[in-house]
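Some notes on the structure that comes next.
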Amino acid sequence: MPELPEVWTITQTLKENIMGFEITKVASSRAPGIAPNISAQVAEKKITNIERLAKNIVFTLSQESGEDLFLIFHLAMTGQLLFDKVNSQKKPWERLELTLQKNNKALVLKFCDMRMFGKVYTANLNELKKLKEKYGQDIVEKMPSPKDFLETLRSKKTSVKNVLLQQNVISGVGNIYAIEALFLARILPKTPTQNITIQQAETLVKTLRKVLEEGIKDRGTTLDDKSYKDPFGRYGNHQKHLYIYGKKTCPVCNGLVRFEKINQRGTYFCPICQK
DNA sequence: ATGTTTGTTCCGAT
DNA sequence: CATCGGAACAAACA
């Protein structure tokens with residue numbers, strides 16, 4: 001589910017609401033992807049920072065004495081972070097519950113994940129640094145020059161769409177936004193990276209940035225399964241503004257949109273507009 | 001029953 | 001040894 005714009009929205013919402021809160025209680029279910037030692041690790045620590053790293057959400061946890069610890073969430077396909085009231089009923093697919101307190105305010109943050117591809121675990125500073133090193137260019141954080149972007153694309157011998165999805169090369173982009181950016185750049189998704197021209201690279205990096213920023217402005221994309229929502233349960237709006245993902249006809253030429261699997265991922269493109 | 005799904009990691013083939 | 005792509009992970013829905 002969540003790609004960069006969705007993770008960005010969730011991170012921002014968390015920042016605005018639970019900075020400085022202390023984790024007073026942890027209830028964790030044993031599930032693949034939930035670190036088994038999580039409770040003891042994070043209890044009684046204070047959330048002093050919240051940031052997005054690629055598609056991860058990273059909490060900095062501080063305590064009176066000792067080093068900072070980092071709590072890392074990866075939502076994968078169906079993960080959610082949802083606020084709830086203290087002593088509330090379990091939500092569907094609830095895997096982890098953090099009770100948070102600051103002054104006289106208390107609330108609960110729940111990690112829910114239907115398919116359980118998501119991960120929750122802790123890391124020390126060194127491990128976080130290693131995680132950061134794994135990720136490639138984040139287009140929203142820093143716009144690469146066309147030349148650098150072309151070099152990045154050509155560093156892998158695969159299709160241009162495939163390389164957009166490789167987090168160690170370009171981080172944060174997922175299937176939907178990759179399809180959208182390629183459509184706006186009028187590039188066929190299967191084009192080998194070696195055939196991409198400097199002009200195409202320049203256009204593509206701009207359209208990538210554009211679709212990611214539009215996604216952020218719309219607070220993310222909620223597809224028909226409704227699985228993406230922000231911590232308050234609010235859906236995104238970007239599904240109303242998608243150009244070609246999930247469409248039957250091309251919004252530019254009105255021709256039939258083609259659907260093909262590329263590296264096992266469903267891919268929509270217009271065989272007329274995209275070259 | 002089969003095929004589909006926003007993601008990532010691991011393993012086998014080249 | 002490096003790189004690429006398919007299988008697997010799991011659950012719900014059409």
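In the text below, chain A, chain B and the rest are named by the order of the sequence lines, each starting its count at 1.
Between A:E213 and A:K217, no side-chain nitrogen of the basic residue sits less than 4.0 Å from a carboxylate oxygen of the acidic one, so the salt-bridge criterion is not met. Salt bridge present: A:K206 and A:E202 bring a charged side-chain N and a carboxylate O closer than 4.0 Å.
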Dot-bracket encoding of pairs in DNA chain B, which uses [ ] for pseudoknotted crossings and | for another strand, Watson-Crick or G-U under 3.5 angstrom: .||||.||||||||
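When all heavy atoms of A:K110 and A:K90 are compared, the pair lying nearest together is NZ-CA, 4.1 Å. Listed here is the closest heavy atom pair of A:V169 and A:S155: CG1-OG, 4.3 Å.
No hydrogens or angles were tested; on distance alone, nothing pairs the side chain of A:T158 with the base of C:dT3 as donor and acceptor under 3.5 Å.
When each of A:R258, A:K161, A:K190 is paired with A:T267, the side-chain hydrogen bond (donor to acceptor under 3.5 Å, both in side chains) condition holds for A:K161 and for no other.
Taking atom P on both B:dT4 and C:dG6, the two are 15 Å apart, rounded to the nearest angstrom. The gap from the P atom of C:dC4 to that of B:dT6 amounts to 23 Å, rounded to the nearest Å. B:dG3 sits 13 Å from C:dA7 when the P atoms are compared, rounded to a whole Å.
Residue A:G266 is in sugar-phosphate contact alone, with no base atom involved, counting any heavy-atom pair closer than 4.0 Å across all strands shown.
Atom CZ in A:R154 sits roughly 15 Å away from atom P in C:dC4 (whole-Å rounding). Atom CD of A:Q239 is separated from atom C1' of B:dT6 by 12 Å (rounded to the nearest Å). Atom-to-atom, CD of A:E3 to C1' of B:dG7 comes out at 9 Å; the value is rounded to the nearest Å. For the pair A:I176 CD1 and B:dT4 C1', the interatomic distance rounds to 14 Å; values are reported in whole Å.
The phosphate of C:dG5 (OP1 or OP2) has no side-chain N or O of A:K156 nearer than 4.0 angstrom. Between A:N162 and C:dG5 there is a side-chain polar atom (N or O) within less than 4.0 angstrom of OP1 or OP2. The side chain of A:K55 places an N or O atom within less than 4.0 Å of a non-bridging phosphate oxygen (OP1 or OP2) of B:dG7. For A:Q167, no side-chain nitrogen or oxygen approaches OP1 or OP2 of B:dG7 to under 4.0 Å. Within the 4.0 Å cut-off from OP1 or OP2 of B:dG7, not a single side-chain nitrogen or oxygen of A:H74 is found. Taking only side-chain nitrogens and oxygens, A:R265 never comes nearer than 4.0 Å to OP1 or OP2 of C:dG5.
Contacts between residues 128-139 of chain A and DNA chain C, defined by a heavy-atom separation below 4.0 Å, involve no residue at all.
In summary, the aromatic rings of A:F269 and A:F183 are positioned with their centroids too far apart to meet the 6.0 Å limit.
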Nucleotide-resolved protein contact map, nucleotides 8-14 of chain C, B/S/- at heavy-atom distance under 4.0 Å: -BBBS--
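In the model, A:T203 has no side-chain atom that pairs as donor or acceptor with a side-chain atom of A:R186 under 3.5 Å.
Atom-to-atom distance recorded for A:K15:NZ and A:R52:CZ is 9.5 Å, nearest 0.5 angstrom.
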